[in-house]
Participant: 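Quick one: the structure is below, and I'll ask about it shortly.
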Amino acid sequence: FNSLKTRVLVWFGTIIFFLLLIFSFFFYYFLSKSINDNIQTKLQHTALNIKEKVLLHTSNQMQLEDEKESFISYAILKNNTIILKSDNFDLTNLNAYINDGESFFIINNDDDETINALNVLISDDYKICVYQKNIDNKIEELVDILFILNPILLLLLLIASSKLIDKILFPIQKVTATAKEISINNFSHTISLPQKEDEVKALVDSFNLMILRLKSGVESLDRFNTDVSHELRTPLTVIKGEIEVTLRKQREPQEYQKSMQIINYEAEQMHKIVENLLLLTKYSKENIKESFEICSLDSILLNVVDKFNLQIQDKNLNIELEQIEPIFINANCLLISLIFSNLLDNAIKYSESGQNIYISLYKKHQVYFKIRDAGIGISEDQLSKITDRFYRVDDSRNKKIKGFGLGLSIVKNSVELHGAKMKIVSQLKKGTTSTIIFNNNGVY
C-alpha cells in the first residue's frame, strides 16, 4: 500500500466490484420481473380464452376442445369447488393459493431447475386457475453465468487498469528517476515534455522549471562564494600581515594605533563588500513583488541628491535638475534608492572639479530617469563589461577613486527585477549618460 499504483488499483477494484454487484442485482431483478410479467400475461390470456369458450357458453357441457397445450393445465372452480379441470392439472393445495388474495404465483420446484406459474382469474362466482409447469429457470442459469463472469470481468478490468496506470505514472517515474540523478554539481537532466496539454505535462514543466531555478540558485551561490573569496582575500591578507608585523616586537603606542586604523579600514571594506553581495542575492524575480509598495520617485531622487551634497561640494560640482516630475510607482523603494545612489555616486567619482551633472526624471509614454556627466568616460570595448561584478575600468584603478566594482552590478540587477531597462552611453573624456526606463506597469 506504499505504492500509489497499488492504492489506486485497490480503490478502483473495490468500486468496480460494488458496481458489478449492483449492476448484477438490478439486472437480475428487472430481467426476472420481465420474464414473470411475460408468463403472467400469457397465463392471463389463456384464462380469458377459457372464460370466453366455457363460462360464456350456453351449453351445459363445459369443455375445452381447442386447448391442446399440454404444458398448460387449468381448473375451473365454483364456490371454491373444482367443477372442471384438464387431465394434466395436478396442483395440490389449490385453495391455499386461491384464498391468498393474489392473482399470480411463482412456485419453485425442489430441484431449482424449473419453476411453475399459477394465474387465478376471478369472474362472477367462478375462478379460473391456469397452471404452467416445468418452465425453464433461465434466471438461475443467468445467476450462474454472472457468478462466473463478474470475477473474470473484474480481473480483466484490473489488468487493463494496471496497464493504464503504468502509462499514466510513467512521466512521474521519469521525474523520480531524474530527481535521483540530480545533485548539487549536476543539473543537466530535464524531462522531455509530453505532447498532450494535461496535468502530467504541467507536472513535468514545473519540474523542469524547478531544476532551472535550482541550477540558477546554485550558480548564484557559487558565484557569491567565488566573489567573496576573491574580494575578501586582499583585506584579510592585509589584516593578517599587519597583525604579524605588529606582534614581532614591542612598539610605540602610535604604531599600534596606526595598525589598528589599518585593520579597522580593511574590516570596514570587508563589511561593505559582504553587504553589497548579500543585497545582490537577497531579491529574485520570484519574491521581489512581495516587497513592492507605492514609491515617490521624485522624493527618493531629491533625498539621494541631498545625501551626496557634501561630496558634491568637496569636488566643487554643480547639480542641474533639468526636469523633475512627481511620479509614483509600485516598486521596491530601497532598490530604487540604490539605483539613484550608485549612478549619482559614479557621476561624482568620475567627474572633474567644476563640472556639471545633469539629472532628469519625467514621464513620456514611459518613465525616464537620466543622469549625465562630463567626466572621464568609458571606452567602447569596456562598456559591455562595466555591469559585471567587481569589474573596474583599468584607468580608474587609482587611490583617488575608491570602489569594489559592485555598484553598476547592483543597479543592473535592481533594474531587471523591476522589469525596467538600463542604457549607458559613454565616450572617453566626454562623459557618460545613464538612462533607466521604467514601463507603465504600476505607474500612478
Side-chain angles (χ1 to χ4, degrees), residues 16-155:
I16 292 298
F17 172 77
F18 282 107
L19 287 177
L20 288 174
L21 196 64
I22 294 170
F23 170 77
S24 300
F25 171 78
F26 281 103
F27 183 76
Y28 172 84
Y29 171 79
F30 287 111
L31 184 60
S32 175
K33 188 175 185 304
S34 175
I35 293 174
N36 291 341
D37 288 345
N38 288 334
I39 294 173
Q40 183 180 8
T41 302
K42 183 178 180 180
L43 294 179
Q44 284 179 340
H45 180 72
T46 302
L48 288 173
N49 285 340
I50 293 173
K51 177 182 177 181
E52 291 176 359
K53 294 178 180 178
V54 177
L55 296 183
L56 299 180
H57 230 270
T58 56
S59 174
N60 291 329
Q61 294 182 351
M62 295 187 294
Q63 57 185 355
L64 286 175
E65 297 179 355
D66 295 335
E67 290 293 331
K68 303 297 184 180
E69 300 177 90
S70 60
F71 55 88
I72 296 179
S73 57
Y74 64 91
I76 301 175
L77 295 85
K78 186 175 183 180
N79 298 325
N80 292 336
T81 302
I82 297 177
I83 59 175
L84 181 65
K85 68 175 182 177
S86 61
D87 295 337
N88 57 358
F89 190 89
D90 56 0
L91 180 65
T92 59
N93 198 20
L94 180 60
N95 288 332
Y97 294 104
I98 293 175
N99 298 325
D100 189 73
E102 298 290 335
S103 62
F104 180 74
F105 304 91
I106 293 294
I107 306 168
N108 290 316
N109 289 338
D110 294 336
D111 56 9
D112 285 333
E113 293 180 356
T114 58
I115 59 173
N116 306 323
L118 172 67
N119 190 82
V120 179
L121 178 66
I122 299 175
S123 176
D124 299 330
D125 294 333
Y126 294 93
K127 294 179 182 179
I128 303 172
C129 298
V130 180
Y131 181 56
Q132 182 175 353
K133 299 187 294 181
N134 301 325
I135 302 173
D136 289 338
N137 195 354
K138 302 295 184 182
I139 299 297
E140 295 301 325
E141 294 179 6
L142 181 63
V143 170
D144 294 337
I145 293 172
L146 289 176
F147 184 76
I148 297 172
L149 186 61
N150 280 346
I152 296 175
L153 183 59
L154 178 61
L155 180 62

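For the single chain, residues carry numbers from 1 onward in sequence order.
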Participant: Report the distance from atom NZ of Lys33 to atom CG of Asn38, rounding to the nearest 0.5 Å.
Facilitator: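 Here the rounded value is 10.5 Å.
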Participant: With a 3.5 Å distance limit and no angle check, can you tell me whether Ser73 reaches the backbone of Ser86 through a side-chain donor-acceptor pair?
Facilitator: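 Pair absent, no side-chain N/O of Ser73 close to backbone of Ser86.
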Participant: When rounded to the nearest 0.5 angstrom, what distance separates CZ in Phe25 from CZ in Phe30?
Facilitator: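 Reported value, rounded in 0.5 Å steps: 9.0 Å.
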Participant: State, to 0.1 Å, how close Leu154 and Phe17 come at their nearest heavy-atom pair, and which atoms those are.
Facilitator: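 What the structure gives for the nearest pair is CD1-N, 4.1 Å.
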Participant: Are the side chains of Thr46 and Gln132 in touch, meaning some heavy atoms are under 4.5 Å apart?
Facilitator: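 Sidechains of Gln132 and Thr46: no contact.
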Participant: Roughly how far, to the nearest 0.5 Å, is the OG atom of Ser103 from the CD atom of Gln44?
Facilitator: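 One gets 6.5 Å once the value is rounded to the nearest 0.5 Å.
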Participant: CD1/Ile152 to CG/Leu155 distance, rounded to the nearest 0.5 angstrom?
Facilitator: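 Answer rounded to 0.5 Å: 8.5 Å.
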Participant: On a heavy-atom basis, which atom in Pro151 and which in Leu146 lie closest, and how many Å separate them?
Facilitator: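 The answer is CD-O, 4.1 Å.
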Participant: Looking at CG of Asn88 and OH of Tyr131, how far apart are the two atoms once the value is rounded to the nearest 0.5 Å?
Facilitator: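 Between atom CG of Asn88 and atom OH of Tyr131 there are 10.0 Å.
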Participant: Considering non-hydrogen atoms only, spot the tightest contact between Leu91 and Leu94 and give its length.
Facilitator: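 Leu91 and Leu94 have their closest heavy atoms at CD2-CD1, 3.7 Å.
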Participant: Could you measure the distance from the CD1 atom of Ile83 to the CG atom of Leu77? Nearest 0.5 Å is fine.
Facilitator: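 Separation between the atoms: 7.5 Å.
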Participant: Report yes if some heavy atom in the side chain of Phe104 is under 4.5 Å from a heavy atom in the side chain of Ile39; otherwise report no.
Facilitator: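 Answer yes - side chains close enough.
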